[in-house]
Amino acid sequence: MIYDEEVLKAFLENQGQLFDEPVAENMEEADDFLDMMMATVVNSVKEVDEYFEEAGLDVEGDIMDACEVFPIPDGRYLIVEG
């Protein structure tokens, strides 16, 4: 998957919500890391719910508060399973 600039920026700025230490320092490293992790970009909260349901992942509380979910400023969501 090719990740666009909005997705990469959101991940770089917020990677601390999922990882104790930075896993990427720049856009190229972020792209490589997300590709390696098979991160997914979805278009809505409903698609985030469907992703977690299909993956069999149980999230306590509001799914949008899960550390694996990164909101993108344009309304999409990046999901990274750490």
Side-chain angles (χ1 to χ4, degrees):
M1 176 175 219
I2 297 174
Y3 303 96
D4 61 51
E5 189 173 326
E6 288 280 327
V7 171
L8 297 174
K9 281 183 181 179
F11 178 72
L12 281 171
E13 292 171 3
N14 299 296
Q15 61 184 308
Q17 76 185 34
L18 184 57
F19 302 102
D20 292 333
E21 296 181 16
V23 294
E25 298 292 331
N26 57 48
M27 299 281 243
E28 185 177 333
E29 288 180 7
D31 188 58
D32 289 343
F33 180 80
L34 293 175
D35 190 48
M36 180 182 68
M37 298 299 291
M38 295 185 286
T40 303
V41 177
V42 297
N43 295 314
S44 68
V45 173
K46 181 180 179 186
E47 288 182 24
V48 173
D49 286 333
E50 290 170 356
Y51 176 90
F52 277 88
E53 196 172 293
E54 288 175 15
L57 300 172
D58 188 28
V59 177
E60 291 184 28
D62 185 359
I63 200 162
M64 299 314 296
D65 292 335
C67 61
E68 297 90 353
V69 179
F70 295 79
I72 310 300
D74 66 5
R76 297 176 294 159
Y77 298 90
L78 171 67
I79 303 170
V80 182
E81 290 186 54

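Basis for what follows: all heavy atoms, side chains included, without hydrogens, waters or symmetry-related copies. Residues: numbered from 1 along the sequence shown.
In this structure, the separation between CG on D4 and CD1 on I72 is 7.5 Å, given to the nearest 0.5 Å. With values rounded to the nearest 0.5 angstrom, N26 atom CG is found 8.5 Å from D32 atom CG. We find the CG-OH distance between L8 and Y3 to be 9.0 Å, quoted to the nearest 0.5 Å. Atom CE of M37 is separated from atom CG of L18 by 7.5 Å, given to the nearest 0.5 angstrom.
Shown here is M38, whose CE atom has no more than 12 heavy atoms of other residues, nucleotides or ligands within 6.0 Å. In E6, the CD atom is crowded: over 12 heavy atoms of neighbouring residues, nucleotides or ligands sit closer than 6.0 Å.
Hydrophobic cluster membership is shared by V41 and M36, with clusters built from Ile, Leu, Val, Met, Phe, Trp and Tyr side chains linked at under 4.5 angstrom.
At least one side-chain heavy atom of F70 sits less than 4.5 Å from a side-chain heavy atom of Q17. Taking 4.5 Å as the limit, every side-chain heavy atom of V80 sits out of range of all side-chain heavy atoms of E68. Side chains of V23 and F11 form a contact here, defined as non-hydrogen atoms less than 4.5 Å apart.
When all heavy atoms are compared, the tightest approach of E29 to E25 is OE1-N, 2.7 Å. Nearest heavy atoms, F52 versus A66: CZ-CB, 4.5 Å. Closest heavy-atom contact between A24 and L12: O-CD2, 3.6 Å.
For the side-chain hydrogen bond (donor to acceptor under 3.5 Å, both in side chains) test, no residue two or more places apart in sequence or in another chain qualifies with D49.
Salt bridge annotation for E5-K9: present, with a cationic side-chain nitrogen under 4.0 angstrom from a carboxylate oxygen.
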